[in-house]
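Residue indices begin at 1 and follow the sequence shown.
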Amino acid sequence: MAVLPPASGTGVGAMHELPLLAGHTTSSAEAMNETGDVVGLSLDANGDGSLTPLQAVGGGTGGHAVKIADDGTVAGFTDTPDGVRHAARWNAAGALTRLEEPPGYVQGEAQDINNARVAVGQLSTDTATIPVRWGPDGRATALRLPPQAHGGTATAINERGEIAGYVSVPGAETRAVRWDIAGRVHDLGSLGGSDSQPSAINERGTVIGRATDAGGTWKAVLAPRGKKVKALPSQDPGARSVSVNNADVVVANVKDRSLRWSETGTGIGTTELQVLRGTGSTFVRGINDAGTGVGTSGEFAVTWDAQGRVSPLPVPAGVDTTDPIAIDGTGRVAGNVGSSRTWPVQWRAVVWR
């Protein structure tokens, strides 16, 4: 069943534009925490800008926020004047801390951070990349690799300190792994293909992401704590953008459809997320612990309830392009809106609340 797209000013919640830095014309929301803080980019007419405003390495061009903890601490990377990326953390006031790079490592990126201000990501030499954990003091600890592995990346961390990521092993491009709180590494297996890439780990220790099967087709996968990855049911080839909440409800995109998976008592049930009438495809970006998903149907920003029913988010007259990026536990949504009547599109960061 489809529903009509929203008229201007209707729908659930109200849209609020986030302020620009002085002299800037475009902004982009990149991440939101559970207290509603948003980080992103503010750009001038030439496309130059910085995080909002996060301190850069002396002479550098700024950086990129990847995740924000509930106290406003931000993790990501910053660029030096020669264009080399370095893992970084910023406090709520925007002050920069360069995360440690042990001797021999020339660049790095933080991929996630938890509320204890523990960050994870990668460090690289000219020839190798290793998964790493940075403590609250910014000191780096290389994460253990399975036998025969020769590098990898940590992609996500939960509040317990469990870490998900992938490593490189002979015969495979990437192999999904989990590091427990004691630092032990656990191989999460594969679907028989050459790639398995976790994107998140929730508070239950469940890892989700994507993996290729023996035919090279990408599938959305789930690995509860202590188990290997398995493909989620009833999906088309080509899974991407997989998210999970703390109740093990998973959403992902497969071709032009968006799907939701949850436990039913007899197994994992699959629900297809509705489209707005007049639109041909959906794209889900995330799900909160209340089970509300957020994404787009065509060019319209929408949410979906636990039954997959779609509701439009309101936009003012003149906005016909949207990109919601995240939803928190209270239902606040962060994202970006713009108009296709200008090219390039002049994006503005917004929140719906």
For this session: Please say which of Thr206, Asn288, Asn202, Asp289 ends up in a side-chain hydrogen bond (donor to acceptor under 3.5 Å, both in side chains) with Asn246.
Result: Asp289
Problem set entry | Thr153 side chain to Thr155 side chain, donor-acceptor N/O pair below 3.5 angstrom | no
For this session: Please say whether more than 12 non-hydrogen atoms of neighbouring residues, nucleotides or ligands are located less than 6.0 Å from CZ in Arg257.
Result: yes
For this session: Treat each ILVMFWY residue as a node, draw an edge where side-chain heavy atoms are under 4.5 Å apart, and state whether Leu259 and Val250 are in one component.
Result: yes
Exercise. Which one of Asn33, Asn115, Asn114 satisfies the side-chain hydrogen bond (donor to acceptor under 3.5 Å, both in side chains) criterion with Asp70?
Worked result: Asn115
Problem set entry | Expected output: side-chain Ser199 to main-chain Val242 donor-acceptor under 3.5 Å | yes
Seminar exercise, completed: Contacts of Glu100 meeting side-chain hydrogen bond (donor to acceptor under 3.5 Å, both in side chains) (sequence neighbours excluded), chain-then-number -> Arg139
Problem set entry | Enclosure of Glu272 CD (heavy-atom neighbours >12, cutoff 6.0 Å) | yes
Exercise. Got a sec, which hydrophobics cluster with Val229, joining ILVMFWY side chains under 4.5 Å apart, including via others?
Worked result: Leu188, Leu191, Ile201, Val207, Val221
For this session: Would you tell me whether His86 and Glu101 have side-chain atoms, one donor and one acceptor, within less than 3.5 Å of each other?
Result: yes
Exercise. Out of curiosity, Asn253 CG to Ser243 OG, how far, rounded to the nearest 0.5 Å?
Worked result: 8.5 Å
For this session: State, without any angle test, whether Trp261 and Thr270 hold a side-chain donor-acceptor pair at a distance under 3.5 Å.
Result: yes
Exercise. Is the shortest distance from a Lys or Arg side-chain nitrogen in Arg210 or Asp195 to a carboxylate oxygen in the other one below 4.0 Å?
Worked result: no
Problem set entry | Heavy-atom neighbours of Lys228 NZ exceed 12 at 6.0 Å | yes
Exercise. Between Lys67 and Asp112, does at least one N-O distance fall below 4.0 Å, as a salt bridge requires?
Worked result: yes
Exercise. Side-chain heavy atoms under 4.5 angstrom apart, residues restricted to Ile, Leu, Val, Met, Phe, Trp, Tyr: same cluster for Leu123 and Phe77?
Worked result: no
For this session: Indicate if Trp134 and Ile113 have the same hydrophobic cluster label, given that clusters are the connected sets of ILVMFWY residues with side-chain heavy-atom separations under 4.5 angstrom.
Result: no
Exercise. Do you know which two heavy atoms are closest between Thr321 and Ser340, and how far apart they sit?
Worked result: OG1-N, 3.9 Å
Exercise. Do Ser196 and Ser190 get their side chains close enough for a donor-acceptor pair, meaning under 3.5 Å?
Worked result: no
Problem set entry | Any donor-acceptor N or O pair under 3.5 Å, side chains Arg332, Thr330 | yes
